[in-house]
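Basis for what follows: all heavy atoms, side chains included, without hydrogens, waters or symmetry-related copies. By convention in this document, chain letters (A, B, ...) are assigned in the order of the sequence lines, proteins followed by strands, and residues within each chain are numbered from 1.
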There are 2 protein chains.
Amino acid sequence: MATGRNHRPATTRSRGIPEATVARLPLYLRALTALSERSVPTVSSEELASAAGVNSAKLRKDFSYLGSYGTRGVGYDVEYLVYQISRELGLTQDWPVVIVGIGNLGAALANYGGFASRGFRVAALIDADPSLSGKPVAGIGVQHTDELEKVVDDNGVSIGVIATPAGAAQQVCDRLVAAGITSILNFAPTVLSVPEGVDVRKVDLSIELQILAFHEQRKAGEDVPDEEDTAPPAAPPAASVTKRTDSGPDGDLPAVMPA
Amino acid sequence: MATGRNHRPATTRSRGIPEATVARLPLYLRALTALSERSVPTVSSEELASAAGVNSAKLRKDFSYLGSYGTRGVGYDVEYLVYQISRELGLTQDWPVVIVGIGNLGAALANYGGFASRGFRVAALIDADPSLSGKPVAGIGVQHTDELEKVVDDNGVSIGVIATPAGAAQQVCDRLVAAGITSILNFAPTVLSVPEGVDVRKVDLSIELQILAFHEQRKAGEDVPDEEDTAPPAAPPAASVTKRTDSGPDGDLPAVMPA
DNA sequence: ATGCCTTTGTGAACGCGTGCACAAAGATGG
DNA sequence: CCATCTTTGTGCACGCGTTCACAAAGGCAT
Ligand SMILES: NC(=O)c1ccc[n+]([C@@H]2O[C@H](COP(=O)([O-])OP(=O)(O)OC[C@H]3O[C@@H](n4cnc5c(N)ncnc54)[C@H](O)[C@@H]3O)[C@@H](O)[C@H]2O)c1
Ligand SMILES: NC(=O)c1ccc[n+]([C@@H]2O[C@H](COP(=O)([O-])OP(=O)(O)OC[C@H]3O[C@@H](n4cnc5c(N)ncnc54)[C@H](O)[C@@H]3O)[C@@H](O)[C@H]2O)c1
């Protein structure tokens, strides 16, 4: 996470923008960009918050960490705010990105135009499959894994995207880090271990679906009497690992706490 | 919610699993599944936490919301815990899912095998492009948007995935909701508005990259004593709306031009 | 200028999530 | 059966993030 660099027990406010705020800045930026394209000169916190899907008080507090860029009684200057947020996010420069693992997902990412328009440039596509080498994907030739270090070094890449199978992710990660990458976006369903100083963010679609399923189940079971303790499959602690062979025809149990 | 005293409420407890905990359950489940495949009978909170990439105290507290499924001095029974978490997440049943927008990303999702193995089944692929209709993607024929309502109804689908361009997302969302969908996973970079009772989770790759860029910039600027204010572009409040005249064919525009 | 009206910026209260630290529970060995 | 050792389950304190509510700031009309 954040590199705890505050040796000042007192106030941690200097450049300390809360992580939660940082995560919302891209949201505001997107909404502001849309307004900018419609040549809207100013917006109130209320309007912008609505467009970004957040609470206006939260938005104002978020902006307060960046400085006082608004005008009371009027709102915020769209263009100016777009610049300030872009600068804060480091988007006034282009970030070369390397994508490793050009399969279904990697190819989709390579073809995605939303990156370039937001300050990211696909510097190279890397894959271990020799039959892919040289093949153009999204107008860029796929390069073999052997080239990884060279590509990172030549282009000064600091952000890497991993879209390989889970089994290869850690290995790829290690090579990326060794090559000088300090930020990784991981799509493989694995926990990556990296040295301090390297940021990792993960995107796991299965997890998202599972979270949705949890709430979905809860909605469905809302009217079900939640007092029963339907016989679970195998017994709990006793070391007699009676593995569940099946949970019977009806796998519908109203999860409830044991008495 | 009814977050009563956590003493002995016997009534308001099973429903009160913290959202943060729910988000980690899939992580534990993944790690446990791997252990299960290696026929490991039990794990300690320390081992499992390490495998899941979290703190052991956090893991224990998370599990405590589900009940007391561990054995002191020993650890947790892997098989049993897999079942308990699966049940809690609602994965003891299969969830049919419909994917709308079979472009680069949608096709990649359709081809992804990680869904089926986690309790999700792609019930249908929907796209507005007539030329795609009938075309098989991942072994499933793409169906036209007209079929959406029928597909959702026939298969009892309650989870929908949106992978259309941003401009069509809200419209698609509305149709999904009208058709009976109550959980949506949105990949389009837009804020969706839905009626109460419908859950929306979003995955925005650009936002992830932007967050990485923020930290990356901070790392790079760590040694730069310079404070800030590197000659901003336009002046602040005064509405000197220097509208962008350029901006190529593509919609989105990158950062604002500095001085 | 002056007063009114709108909207920002933020102090303060609150709630959630995290991590520590330890007593209790249970296994294990003698 | 008792002692010891391991590991869980959780009370507690702390810090972050969210939200409320309002004084202050600034535009604008008169
Ligand atoms: N496809 C999806 O929609 C989707 C969804 C969620 C998660 N994921 C995850 O994303 C990852 C990629 O998924 P996919 O569907 O694109 O898989 P894929 O099999 O289509 O592609 C994987 C690619 O990685 C390459 N590769 C394998 N080992 C490599 C290595 N050591 N170095 C470089 N390249 C290597 C392979 O040659 C292949 O081209 C997987 O971990 C998957 O679990 C994918
Ligand atoms: N490709 C990526 O890696 C990537 C990454 C991040 C975000 N996204 C987002 O995901 C979405 C899809 O991206 P993509 O690259 O697959 O785009 P794409 O253009 O390749 O595919 C979009 C598909 O949606 C279909 N479509 C359009 N309007 C529709 C409607 N009203 N109903 C049903 N289908 C409709 C189109 O026919 C097309 O097949 C976009 O919003 C994009 O911003 C994509």
Side-chain angles (χ1 to χ4, degrees), chain A residues 1-2 4 6 8-13 16-25 27-28 41-50 52-78 80-81 84 235-241 257-258, chain B residues 1-9 12-13 15-25 27-28 41-50 52-78 80-81 84 235-239:
Chain A
M1 294 297 265
N6 38 348
R8 192 65 64 155
T11 51
T12 319
R13 66 186 305 278
I17 299 180
E19 194 56 31
T21 294
V22 172
R24 281 188 293 267
L25 290 182
L27 224 52
Y28 302 142
T42 61
V43 273
S44 67
S45 63
E46 201 69 54
E47 295 169 318
L48 185 54
S50 168
V54 303
N55 174 306
S56 72
K58 194 184 293 184
L59 177 143
R60 287 199 300 277
K61 176 137 293 192
D62 282 341
F63 285 175
S64 78
Y65 292 116
L66 307 183
S68 292
Y69 297 142
T71 303
R72 292 167 193 243
V74 176
Y76 300 91
D77 181 273
V78 173
Y80 188 64
L81 201 46
Q84 290 299 344
S240 61
V241 188
M257 64 166 286
Chain B
M1 299 118 220
T3 313
R5 267 306 198 296
N6 50 350
H7 208 54
R8 226 23 143 52
T12 49
R13 156 98 165 275
R15 290 282 182 262
I17 299 179
E19 194 56 31
T21 294
V22 172
R24 280 188 294 268
L25 290 182
L27 224 53
Y28 302 143
T42 61
V43 272
S44 68
S45 63
E46 200 70 54
E47 295 169 319
L48 184 54
S50 169
V54 303
N55 175 304
S56 72
K58 194 184 293 182
L59 177 143
R60 286 198 300 277
K61 176 142 295 191
D62 283 342
F63 285 176
S64 78
Y65 292 116
L66 307 184
S68 291
Y69 297 144
T71 303
R72 294 169 192 240
V74 176
Y76 300 90
D77 180 275
V78 173
Y80 189 65
L81 201 47
Q84 290 298 344

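- Within the 4.0 Å cut-off from OP1 or OP2 of D:dT7, not a single side-chain nitrogen or oxygen of B:S44 is found.
- Comparing C:dG17, C:dC20, D:dG9 by their closest approach to the side chain of B:S68 singles out D:dG9.
- Remark: P of D:dT10 and CG of B:D62 are 13 Å apart, rounded to the nearest angstrom.
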#### Entry: B:F63 and B:Y69: CA distance, side-chain angles, deciding distance, ring-ring contact (aromatic ring centres under 6.0 Å, His included) verdict
CA-CA 8 Å; B:F63 285 176; B:Y69 297 144; 8.3 Å; no

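- For the pair B:Y76 and B:G70, the tightest heavy-atom approach, listed with the atom from each and the gap, is CD2-CA, 3.4 Å.
- At whole-Å resolution of the value, CD in A:Q84 and C1' in C:dT8 are 16 Å apart.
- Nucleotide D:dT19 holds its P atom 13 Å from the CD atom of A:E46, rounded to whole Å.
- The two residues A:L48 and A:Y28 make their nearest non-hydrogen contact at CD1-O, 4.4 Å.
- The side chain of A:V74 lies closest to D:dG27, out of C:dG9, D:dG27, C:dA27.
- The side chain of A:T71 lies closest to D:dG27 when the candidates are D:dG27, C:dG9, D:dG9.
- When heavy atoms are screened at a 4.0 angstrom cut-off, A:Y76 is found touching the sugar-phosphate backbone but no base atom.
- Note that CD of A:E19 is 10.5 Å distant from CZ of A:R24, once rounded to the nearest 0.5 Å.
- Atom-to-atom, NZ of A:K58 to C1' of D:dC20 comes out at 13 Å; the value is rounded to the nearest Å.
- To the nearest 0.5 Å, atoms CD1 (A:I17) and CG (A:D62) are separated by 9.5 Å.
- A close approach under 4.0 Å does not occur between any side-chain nitrogen or oxygen of A:S45 and OP1 or OP2 of C:dT7.
- In this structure the side chain of A:T42 never reaches within 4.5 angstrom of the side chain of A:T71, judged on heavy atoms.
- Checked by distance alone, B:K61 brings a side-chain donor or acceptor within 3.5 Å of a matching partner on the base of C:dG19.
- Between B:Y65 and the phosphate of C:dG17, there is no side-chain N or O to OP1/OP2 separation shorter than 4.0 Å.
- In the helix from C:dA1-D:dT30 to C:dG30-D:dC1, the rotation axis of the first five pairs and that of the last five pairs differ in direction by 10°, rounded to 10 degrees.
- Across all their heavy atoms, B:A49 and B:S56 have their closest contact at CB-CA, 3.5 Å.
- Here the P atom of nucleotide D:dG9 and the CG atom of B:L66 are 10 Å apart, to the nearest Å.
- Nearer to the 5' terminus of DNA chain D, by closest-nucleotide assignment, is the contact made by A:T21 (compared with the other of A:R60 and A:T21).
- Between B:L25 atom CG and C:dG17 atom C1' there is a gap of 15 Å when expressed in whole angstrom units.
- The nearest whole Å value for the distance from the CG atom in B:L59 to the P atom in D:dT7 is 14 Å.
- Counting distance only, with no hydrogens placed and no angle test, the side-chain atoms of A:R72 and the base atoms of C:dT8 include a donor-acceptor pair under 3.5 Å.
- Between the side chain of A:S44 and the main chain of A:E47, a donor-acceptor pair closer than 3.5 Å is present.
- The shortest distance between the side-chain N/O atoms of B:N55 and the OP1/OP2 oxygens of C:dG17 is not below 4.0 Å.
- One can place OH of B:Y28 at 13 Å from P of D:dT8, the figure rounded to the nearest angstrom.
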